[in-house]
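First up is the structure itself, then whatever we jot down about it.
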Amino acid sequence: MNYFDRMKVKFEALRDKKEVILASIESSCDETSVAIIKNGRQVLSNIVASQIEIHRRFGGVVPEVASRNHITAIANIFEEAVSAAGIQKEELDAIAVTYGAGLVGALLVGVNYAKALAYSLDIPLIAVSHVHGHIAANYISHPDLEPPFVCLMVSGGHTALLDICDYEEFKLLGTTVDDAAGEAFDKVARVLGLPYPGGPEIDKLAKQGKNCYKFTVSSSLKGTFNFSFSGIKTAVVNFVHNHNQKGEEFSPADIACSFQECVTEELTSKAIAACSFAGRDRLVVAGGVGANYRLKEKLEEGCKKEGIKFYAPVLKYCTDNAAMIGSAAYYMIKKGLGLADLTLTGKPNVSL
Ligand code: KG4
Ligand code: ZN
């Protein structure tokens, strides 16, 4: 039997196996991460090597630099994760890897390393969508959480409202028609001269500001679950440029606060409306922007008013990490999904 035929048999056997231990790999952007995870929710280790300091001087992620740094880091991170988990490689049941969406050169490092590992250990390779990983970060953080629920997915690459009917069974309720929320946070931070990544910097600065500038989001998407953040981003950029050109003073903290209030209000009101539309009494936030203090506060308040239970991942599982990929992979295995052969490659875009 060739490798893939053997893997089909092993993969099928994992569906009924009581204890499944996975190694998962994430390298879609500027974090090299490997985790060892048991039964989808028990994190035995989760090592994250962030390249933030390396990319900061460029003001954003430089894809080629990201790929090179993943290459130098990945083997050591894998060894560290295995050793921190206190297991032997031979105990691994499968290798899971993010195959998209993300920077293709960065993804390829994780995918190729995962393929080599799976082949050499003679265990199945599971291809995981990064977005599915972000949703699964909540399963690690909340042992009681199970579908169905509504998920507000807010990252640097995605903004969407999803009805999670079951594990790996999603209905898209709405998405952004232009920029992702994280992208808007990062651009606004940049024009205010804040370091990369901008989202957490806006979050910090906004705490010292007032909501006194009346920035708005387009009203054309009212009544839908779609979002548009390109207009507010451009309004802030123009505001800053105009004031700078005229030598007029403004408060960056007030801009940060006003921008954040408007964006988080839009995300919150549509997320709550989506729960009522889908008939769900649980709302889950996922993705890097889910780390935003004000967004979490507003979602929590809004949910309380409507009798909805609100969940957010603990901070370390909110931004990119491999544990969330391992959790998603576990539920994919249990549903017979995701088995990949050795032709697997990185994909810059993956549909939700
Ligand atoms: O999920 P993530 O780590 O990577 C992607 O899959 O894109 O999200 C990164 C995004 C960046 O745009 C970053 O600025 C934003 O999440 N972010 C935040 C916060 N922490 C991270 N945005 C607002 N407030 C934060 N506290
Ligand atoms: Zn991410």
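In listed order, ligands and their atoms are each counted from 1.
- A salt bridge links Glu79 to Lys89: one of the charged nitrogens lies within less than 4.0 Å of a carboxylate oxygen.
- Ligand 1 lies under 4.0 Å from heavy atoms of His130, His134, Ser155, Gly156, Gly157, Gly182, Phe185, Asp186, Gly199, Pro200, Asp203, Gly287, Gly288, Val289, Ala291, Asn292, Thr319, Asp320.
- Across all their heavy atoms, Pro252 and Leu192 have their closest contact at O-CD1, 4.0 Å.
- A donor-acceptor contact shorter than 3.5 Å is absent between the side chain of Thr159 and the backbone of Thr176.
- Note: Phe215 and Tyr213 have tilted aromatic rings, judged against thresholds of 30 and 60 degrees for the angle between ring planes.
- Clustering of Ile, Leu, Val, Met, Phe, Trp and Tyr by side-chain heavy atoms under 4.5 Å joins Ile54 with Phe58, Val62, Val65.
- Using a 3.5 Å distance cut-off with no hydrogens or angles, the side chains of Asn321 and Ser33 do not pair a donor with an acceptor.
- Not counting sequence neighbours, the partners of Ala106 by the side chain to side chain contact (heavy atoms under 4.5 Å, CB included) test are His70, Leu103.
- Sorted by chain and number, the protein atoms of type N, O or S within less than 2.8 Å of the Zn ion (ligand 2) are His130 NE2, His134 NE2, Asp320 OD1.
- Listed for the Asp186 side chain is a donor-acceptor partner under 3.5 Å among the backbone atoms of Gly198.
- The residues Asp144 and Lys309 are annotated as salt-bridged, a charged nitrogen and a carboxylate oxygen being separated by less than 4.0 angstrom.
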